[in-house]
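Worksheet for the structure shown next.
Sequence lines set the chain letters: A, B, ... in the order given, protein chains first and strands last, and positions in each chain run from 1.
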Protein chains: 2
Amino acid sequence: MKDEKDAIVVNKEFTEECTVILTAVADALYAIGGKWKLMIIISIARGNNRFSEIQKKVTGISARVLSNELKELELNSFIVRKVTAGYPVSIEYELAPYSNTLQDVVSSLKEWGIQHRQKIKDDRSSGKSQTIV
Amino acid sequence: MKDEKDAIVVNKEFTEECTVILTAVADALYAIGGKWKLMIIISIARGNNRFSEIQKKVTGISARVLSNELKELELNSFIVRKVTAGYPVSIEYELAPYSNTLQDVVSSLKEWGIQHRQKIKDDRSSGKSQTIV
DNA sequence: CGGCATCCAAATAGATACTG
DNA sequence: CAGTATCTATTTGGATGCCG
């Protein structure tokens with residue numbers, strides 16, 4: 001900080017950029033945050049298209065919560081609810097194209113999650129205290 | 001041996017891998033999920049090191065919640081709480097090295113958040129109904 | 001099977017006041 | 001400034017039963 005004017009300008013840009021990032025991340029978390037949404041999308045992507053299949057894959061989710069999440073995901077164009085006539089009527093959830101935009105997010109979270117689990121394990125065997133994952 | 005592109009959103013054949021992905025993503029969400037943690041990390045990364053600075057940047061967070069989140073982040077090695085003697089005592093939060101592992105996660109979320117906001121805007125001006133971000 | 005309605009318990013968060 | 005304490009309001013979620 002030798003030149004104060006520059007410093008101010010720089011800091012202002014820095015600050016504005018911070019707000020941009022924060023806003024973007026907040027937007028993302030608003031749309032796909034929470035415990036379940038991404039996991040539901042992943043599990044549908046991997047071929048679990050029925051309500052009960054999804055519920056089995058996404059460990060710990062209750063029917064009520066799953067039902068609500070599916071509605072929201074459909075409303076936001078991440079998935080499509082397909083009803084096929086017949087007896088009984090068959091209902092399947094499929095990914096809508098918009099879910100493909102989540103590729104990078106999902107894969108980075110997956111990579112991070114894997115290394116994080118490893119790190120936790122290392123921390124514990126090296127004797128550090130740690131909250132459990 | 002880079003895999004065949006973590007094809008998250010396609011390829012029903014890889015269902016056996018589904019559980020691995022779900023577990024990894026669940027781990028990640030457990031550690032950095034929720035409304036605030038990433039935003040706090042980002043805002044510290046961009047030079048907001050004081051409690052009140054962070055609170056100002058991370059819109060909507062209360063002192064109590066911020067306080068709790070900071071404690072958790074410190075416990076999990078994402079940040080360091082630095083106390084500098086003096087009068088009054090100065091307290092600053094800094095990123096710990098482990099926060100750097102979040103680079104990809106943050107940048108993909110940021111990119112996605114930006115395009116998502118744009119998409120919402122487009123949807124609205126084209127007359128679709130939409131939940132608001 | 002794929003849900004929705006209801007009731008109730010638990011977790012979370014806001015407001016406010018207060019401290020070193 | 002950097003929190004803590006307390007109380008209360010709100011949200012969230014599980015359990016259960018019912019229905020097409």
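- Side chain of B/Ser99 to backbone of B/Leu95: no donor-acceptor contact under 3.5 angstrom is found.
- Contacts of residues 78-90 of chain A with DNA chain C (heavy atom under 4.0 Å): A/Arg81.
- In B/Gln103, the CD atom is not crowded: 12 or fewer heavy atoms of neighbouring residues, nucleotides or ligands sit closer than 6.0 Å.
- Without hydrogens or angle criteria, B/Glu53 side chain to B/Asn49 main chain gives a donor-acceptor distance under 3.5 Å.
- One interatomic measurement links the two molecules: CD of A/Gln55 to P of D/dG13, which rounds to 14 Å at whole-angstrom precision.
- A side-chain donor-acceptor contact under 3.5 Å links A/Asp122 and A/Gln118.
- Between A/Lys82 and A/Glu92 there is no salt bridge, since none of the side-chain N atoms of the basic residue sits less than 4.0 Å from a carboxylate O of the acidic one.
- The backbone N or O of A/Ala63 lies less than 3.5 Å from no partner atom in the side chain of A/Ser67, so there is not a single donor-acceptor pair.
- The footprint of chain B on DNA chain C, defined by a heavy-atom cutoff below 4.0 Å, extends from C/dA13 to C/dG14.
- A salt bridge (Lys or Arg N to Asp or Glu O under 4.0 Å) with B/Asp27 holds for exactly one of A/Arg117, A/Lys35, A/Lys121; it is A/Arg117.
- Nearest approach of A/Val25 to B/Val106, heavy atoms of both residues: CG2-O, 4.4 Å.
- A/His116 and B/Phe78 have parallel rings, their planes meeting at less than 30° on a 0 to 90° scale where 60° marks the start of perpendicular.
- Residues B/Val80 and B/Leu66 are members of separate hydrophobic clusters, defined by side-chain heavy-atom contacts under 4.5 angstrom among Ile, Leu, Val, Met, Phe, Trp and Tyr.
- Under 4.0 angstrom from either OP1 or OP2 of D/dC1 there lies no side-chain N or O belonging to B/Tyr93.
- Rounded to an integer number of Å, the gap from CZ of A/Phe51 to P of D/dC19 is 19 Å.
- Residues of residues 62-71 of chain A having a heavy atom closer than 4.0 Å to DNA chain D, listed by number: A/Ser62, A/Arg64, A/Val65.
- If you measure from atom CD of B/Glu53 to atom P of D/dC1, you get 10 Å, rounded to the nearest angstrom.
- For the atom pair OG (A/Ser43) and CD1 (A/Ile54), the distance works out to 5.0 Å, reported to the nearest 0.5 Å.
- When each of B/Ile91 and A/Trp36 is assigned the nucleotide of DNA chain D with its nearest heavy atom, B/Ile91 is the one assigned upstream, toward the 5' end.
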